[in-house]
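Worksheet: the structure to be examined is printed underneath.
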Number of protein chains: 2
Amino acid sequence: MNMPNRTCIMRLSRYRNAIIRLKALNFVRVFSDNLADAASVTAAQVRKDFSIFGITGHRRGGYQTDDLLGQLNKILGKDRTQDIILVGIGNIGKALLHYPGFEKSGIRIVAGFDIDPTKYVADANIPILPLEKMHDYIQTNNIKLGIIAVPDYAAQQVLEMMKSAGIKGVLNFAPICLRESADCVINNVNLVTELENIIYFAKAGDNTRGK
Amino acid sequence: MNMPNRTCIMRLSRYRNAIIRLKALNFVRVFSDNLADAASVTAAQVRKDFSIFGITGHRRGGYQTDDLLGQLNKILGKDRTQDIILVGIGNIGKALLHYPGFEKSGIRIVAGFDIDPTKYVADANIPILPLEKMHDYIQTNNIKLGIIAVPDYAAQQVLEMMKSAGIKGVLNFAPICLRESADCVINNVNLVTELENIIYFAKAGDNTRGK
DNA sequence: ATTTATATGTGAAATTATTCACAATATATC
DNA sequence: GATATATTGTGAATAATTTCACATATAAAT
């Protein structure tokens with residue numbers, strides 16, 4: 001059995017999104033070709049991805065929509081609520097704090113942290129607490145996931161704090177490339193970089209770019 | 001000469017970020033190994049990436065920091081301001097509207113659009129206009145780039161409107177995978193998918209995932 | 001000026017990811 | 001029930017990407 005890589009898991013998420021839409025259209029079963037269209041990949045890729053996880057369908061019968069969704073939910077951790085903390089209640093942080101997509105998807109930001117006292121709101125639905133309290137909070141509540149949305153110069157330090165408290169996975173929006181280590185997975189999302197990418201390829205005119 | 005792919009351009013952006021930081025530390029020259037560290041790649045990768053663009057350094061002397069930054073700026077479109085429009089003034093849209101990283105990086109959101117009249121602010125620094133006015137605006141101002149931050153069900157339609165008006169590159173935050181076409185580059189950024197990715201690999205424990 | 005040490009630039013090799021193609025088999029049809 | 005048809009599952013083939021490794025050049029040292 002092959003190990004899935006990052007892009008494979010990303011595709012699984014896309015398949016799941018597609019299945020949810022197809023279920024809403026009363027699809028009882030779904031074919032690799034349908035998912036391929038919805039996720040902009042080939043049907044062979046869909047089946048290969050499924051085979052990594054031992055997901056099987058029926059020859060000529062495709063996949064049972066409900067069954068498939070259940071299996072993807074399990075793989076992607078959708079079988080329970082995922083608690084996560086957010087550090088940096090600035091521009092991006094505030095938007096993430098109230099992003100409805102997270103709640104819809106079983107991801108719950110349980111607390112926010114900042115160094116700026118004017119940001120503190122201890123009694124809110126999602127409390128905003130002093131950064132000094134983060135370590136305790138993580139340990140007391142056994143949090144394993146974090147989002148970093150602080151300025152670049154503070155990101156590395158926040159990461160170290162998170163790791164020392166037991167965080168195992170981080171989504172980083174600070175415009176600096178945080179390095180992942182054996183004990184902590186990192187996903188760097190740099191909004192400027194994403195835009196620079198489309199600027200480049202839009203300028204190039206023809207978009208014959210790879211994956 | 002090889003064609004650069006998406007990940008190559010993303011790496012170039014990272015190298016650029018690193019160079020800016022190193023310049024602030026008064027580095028006059030920089031080695032592939034330095035950039036590799038900062039961007040979490042290998043030194044050979046850095047040199048291969050540069051060779052695609054004909055960027056050369058000096059054997060045993062590395063790269064002149066200023067010169068290198070200039071070349072990367074040119075490739076990434078930093079030699080001029082990039083004007084871009086934003087559709088969807090919701091949670092994420094508002095954050096992007098005032099994201100300081102864009103301005104710092106020569107990216108200027110020139111107008112926002114929404115279907116909700118309560119969002120309109122015609123006389124603001126960045127005007128928020130009715131969606132019906134987007135087509136004209138794009139053509140009058142010769143805009144080539146757009147950001148989509150609308151709900152999933154509206155994203156495809158907004159994309160079609162953008163394309164018909166002449167947009168050539170789109171950064172999409174709606175949680176649906178928009179398909180790119182020969183005349184328009186698309187970058188899909190799905191926040192939930194990004195998180196699901198770290199949820200999966202953090203749970204897996206060891207993070208021996210590929211690129 | 002000569003030597004030495006070190007970093008580049010790049011083909012070749014290795015690795016990783018994707019697509020092809022088809023046997024196996026289940027569904028649908030008659 | 002038999003037959004035709006469509007879709008899976010997967011090894012093999014291909015393609016893409018990354019790493020290796022070293023000849024080449026150049027900066028620094030003596």
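Look at CD1 on B/I9: it is 15 Å from C1' on D/dT17, rounded to the nearest Å. One atom, CG of A/D37, and another, P of D/dT7, lie 12 Å apart when rounded to the nearest Å. Going from atom NE2 of B/H58 over to atom P of C/dG9 covers 9 Å, rounded to whole Å. For the pair A/R11 CZ and C/dT19 C1', the computed distance is 12 Å after rounding to whole Å. To the nearest angstrom, C1' of C/dT18 lies 18 Å from CE of A/M10. Here the P atom of nucleotide D/dA16 and the CD atom of A/Q45 are 14 Å apart, to the nearest Å. Separating the CZ atom of A/F53 from the P atom of D/dT10 is a distance of 15 Å, rounded to the nearest angstrom. One atom, CG of A/N2, and another, C1' of C/dT18, lie 12 Å apart when rounded to the nearest Å.
Between B/N5 and the phosphate of D/dA16, there is no side-chain N or O to OP1/OP2 separation shorter than 4.0 Å. Checking the phosphate oxygens (OP1, OP2) of C/dT18, no side-chain nitrogen or oxygen of A/T42 falls inside 4.0 Å. Between B/S32 and C/dA7 there is no side-chain polar atom (N or O) within less than 4.0 angstrom of OP1 or OP2.
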Please write out the pairs of protein N or O atoms and N or O atoms of nucleotides 21-25 of chain D separated by less than 3.5 Å, giving the distance to one decimal.
from, atom 1, to, atom 2, distance (Å)
D/dA21, N6, B/R47, NH2, 3.4
D/dT24, O2, B/R59, NH1, 2.6

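Residue A/Q139 places its CD atom among more than 12 non-hydrogen atoms of other residues, nucleotides or ligands, all under 6.0 Å distant. Within 6.0 Å of NZ on B/K163 lie more than 12 heavy atoms contributed by other residues, nucleotides or ligands.
For A/D136, the salt bridge (charged side-chain N to carboxylate O under 4.0 Å, His left out) criterion is met by no residue, not counting sequence neighbours. For A/N190, the side chain to side chain contact (heavy atoms under 4.5 Å, CB included) partners are A/P175, A/V192, A/T193, B/N17, not counting sequence neighbours. Under the side-chain hydrogen bond (donor to acceptor under 3.5 Å, both in side chains) criterion, B/D33 pairs with no residue at all, not counting sequence neighbours. Partners of B/Q64 under the side chain to side chain contact (heavy atoms under 4.5 Å, CB included) rule, at least two apart in sequence or in another chain, are B/V28, B/R29, B/H58, B/D67. Residues meeting the side chain to side chain contact (heavy atoms under 4.5 Å, CB included) test with B/R108, sequence neighbours left out: B/T81, B/D83, B/V110. Residues passing the side chain to side chain contact (heavy atoms under 4.5 Å, CB included) test with A/D114 are A/I89, A/D116, A/K119, sequence neighbours excluded.
Every pair passing ring pair (Phe, Tyr, Trp, His ring centres under 6.0 Å) that includes a residue from residues 80-105 of chain B is listed here, sequence neighbours excluded: B/Y99-B/F102. The ring pair (Phe, Tyr, Trp, His ring centres under 6.0 Å) analysis of residues 62-82 of chain B, with sequence neighbours excluded, yields the pairs B/F50-B/Y63.
For the residue pair A/N172 and A/N188, a side-chain donor N or O sits within less than 3.5 Å of a side-chain acceptor on the partner.
Of the residues in residues 12-20 of chain A, none has a non-hydrogen atom less than 4.0 angstrom from any atom of DNA chain D. Remark: A/G62, A/Y63 in residues 61-68 of chain A come within less than 4.0 Å of DNA chain D through at least one heavy atom.
In the set D/dA12, D/dT18, C/dT27, C/dT27 carries the atom at the smallest distance from any side-chain atom of A/R29. Distance from the side chain of A/T56 is smallest to D/dG9 among D/dT8, C/dA26, D/dG9.
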Can you give each donor-acceptor pair under 3.5 Å made by side-chain atoms of residues 146-156 of chain B, sequence neighbours left out, with the distance rounded to 0.1 Å?
from, atom 1, to, atom 2, distance (Å)
B/D152, OD2, A/R21, NH2, 3.1
B/Q156, NE2, B/E160, OE2, 2.7

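Residue-to-nucleotide contacts include no donor-acceptor pair under 3.5 Å from the side chain of B/K48 to the base of C/dT10.
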